[in-house]
Amino acid sequence: MKQLVCVSALTLALGWGGAATAVQSYEIPEETAQTARELMETALDSDLAYEIVESLTTEIGPRLAGSEAEARARAWGAKLGEELGFDVVEIEEFTMPFWDRGRMEITMTAPYDQALYGTALGGSGRSDGDIASQIVYFRDIHALTLVEDGALEGKIAFVDGEIMVASQVGAGYGAANQRRRIGWQHAERGGASALVVRSVGSDSRRFPHTGMMSSRDGDWADIPVIAISNPDADHLRRLHNLGESIELTLSSGAGWHGDVTSGNVVLDIVGRESPEEIVLIGGHLDSWDLGTGALDDGAGVAITVAAAQLISELPQRPRRTIRVVMFGAEEVGLLGARAYAGEHQDEIANHVLATESDFGARTVWQLVSNVNDDANPAVDAIGRLIAPLGIVRGGSDVPGGGPDIIPLAYSGVPTVRLNQNGLDYFDFHHTPDDTLDKIDPAELSQNVAAYAALVYLAAELDVEFRTTQSPEGASE
Ligand SMILES: [Zn+2]
């Protein structure tokens, strides 16, 4: 792959573009390009994003979806928006079912006593006192899906798997995640009294990784479902391979508690010429409750708020509105994202571009997009402008834009994404180890620089990112 890292502004004249689909060149007007370069320089010198994520993780702490802490985070977000001078600050509430993990214990009791490090998975059920049983070992989720109905009666199922291979793009997460998502459905079908799974993560530390399970047509597990740390899963595998009979004792207070209020915080920098046209960026405000949600996703909130704030300090507003959304209740099923798409149905067609930062806080290395073909040369030009930050242009047909953008993307909103280096993201993801010290302020500033330039240009340039022909069923 062609890689340009040390390039000067002169590369603008070279017409270099990483996207194979570029059929014509697009040149950013020099004055606009210069403003974008100055925004990048200002961002690289700014501590604002770090101050925001430090404030969120320290003053609010863990922010489980639907909790009292998430409500405090919304108030924090609205106050921040007001202090930073956003033109519009709104909290948009919605209702959601509330789950929490309660207290949990898990110990190996045979062939000898050893405490294990585990955590309940989101949506899992509670135990009526202690559950003590032999385990039935499954090498991977596929083996569990083949279990016969009723074959696990009175037993604890344990699903092994592999430690994720660390990768810049987080490869393998979706596949590894299956044991977390659907394992319970097969364990319950087999009649198991509990399910224990190997954590989904790339680390070898004794931190378990939590995360949401998948419902089955709206139904959730009645049994406790617990993820144990990778080293603990390794340990059980070795004992199993020695032919030992393994017994566990566990209890879990996890469960559902009825409907509560969550919400999204929406902050606008109103456009000077086409205020109805919206460039949407954001991150999610909720976090899992084991750590303080610094990487997932305090960083994303901080990066996008800081980028928009820097743009708001320009002598004039960009042509289009820049909207930062701090989404609520992402971790438990994109509930804030769905609520936003529903609430803003009548203006979805005015969302010209959307993207979310939700993959940690390491350096951005790639710009990918999914916009109308005629707009690709402009995205290529934006890619060339931010290339000095060490960012290469990736695919121009990559759907997505981030988890909370999915409902918008399904409605036809074009997306871009600034991909971060995810090499150690799944070491910390959804663990007690997701804390502020994992964020490097300089890497965070590089993110802000990339977002500030990208978002400013998307809001300022006269480029139509949407497809010119309306997709079937979309309005206007
Ligand atoms: Zn996230």
Side-chain angles (χ1 to χ4, degrees), residues 49 52-53 56-57 60-67 69-70 73-74 77 96 99 119 121-123 164 169-174 176-177 180-181 199-202 207 209-214 227 262-265 280-305 324-340 354-362 364 400-409 415 417-436 438-439 444 447 451:
I52 291 171
V53 68
L56 178 60
T57 54
I60 308 298
R63 307 170 296 283
L64 184 65
S67 67
E70 197 200 31
R74 284 194 294 285
M96 58 166 280
W99 175 94
T119 189
L121 291 181
M164 276 178 69
V169 296
Y173 177 61
N177 222 354
R180 186 187 97 197
R181 293 234 168 247
S199 280
V200 177
S202 50
F207 287 118
H209 298 241
T210 191
M212 203 66 186
M213 310 191 305
S214 295
S262 181
N264 299 317
V265 182
L280 185 148
I281 59 176
H284 63 84
L285 196 53
D286 67 308
S287 75
W288 282 108
D289 48 335
L290 302 177
T292 56
L295 298 172
D296 187 11
D297 184 28
V301 167
I303 290 162
T304 52
V305 169
V324 184
V325 182
M326 302 179 187
F327 291 96
E330 186 271 351
E331 295 289 2
V332 296
L334 311 182
L335 302 185
R338 295 178 214 270
Y340 178 87
T355 187
E356 178 180 38
S357 172
D358 184 21
F359 198 52
R362 292 245 179 265
V364 173
D404 287 305
I405 305 304
I406 291 170
L408 295 174
T415 61
R417 198 157 196 207
L418 290 164
N419 283 326
Q420 293 151 306
N421 176 3
L423 199 60
D424 63 0
Y425 185 64
F426 289 103
D427 286 359
F428 307 116
H429 184 247
H430 296 182
T431 73
D433 220 7
D434 179 357
T435 47
L436 183 67
K438 309 307 182 303
I439 295 180
L444 195 68
N447 277 260
Y451 272 87

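Counting convention: from 1, in listed order, for ligands and their atoms alike. Start at 1 with the first residue, then count along the sequence.
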Margin query: Does either side chain, that of Glu331 or that of Ser287, offer a donor lying less than 3.5 Å from an acceptor on the other one?
Written below: no
| query | If you check every N/O/S atom of His284, which is the one nearest the Zn ion (ligand 1)? | reply |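 Going through the N, O and S atoms of His284 one by one, NE2 ends up nearest to the Zn ion (ligand 1).
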Of all the N, O or S atoms in Asp296, which has the shortest distance to the Zn ion (ligand 1)?
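Nearest to the Zn ion (ligand 1) within Asp296's N, O and S set: OD1.
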Exercise. Is Asp358 close enough that one of its N/O/S atoms sits under 2.8 Å from the Zn ion (ligand 1)?
Worked result: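 Yes, within the cut-off.
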Check: Do Met96 and Val332 pass the side-chain contact (heavy atoms from CB on, under 4.5 Å) test, and can you show the C-alpha distance, the side-chain angles, and the key distance before you say yes or no?
Finding: CA-CA 10 Å; Met96 58 166 280; Val332 296; 4.0 Å; yes
How are the rings of His429 and Tyr425 set to each other: parallel, tilted or perpendicular (split at 30° and 60°)?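 Rings of His429 and Tyr425: tilted, as their planes differ by 30° to 60°.
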Output yes when Asp424 and Arg362 qualify as a salt bridge under the 4.0 Å nitrogen-oxygen rule, no when they do not.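 Salt bridge present between Asp424 and Arg362.
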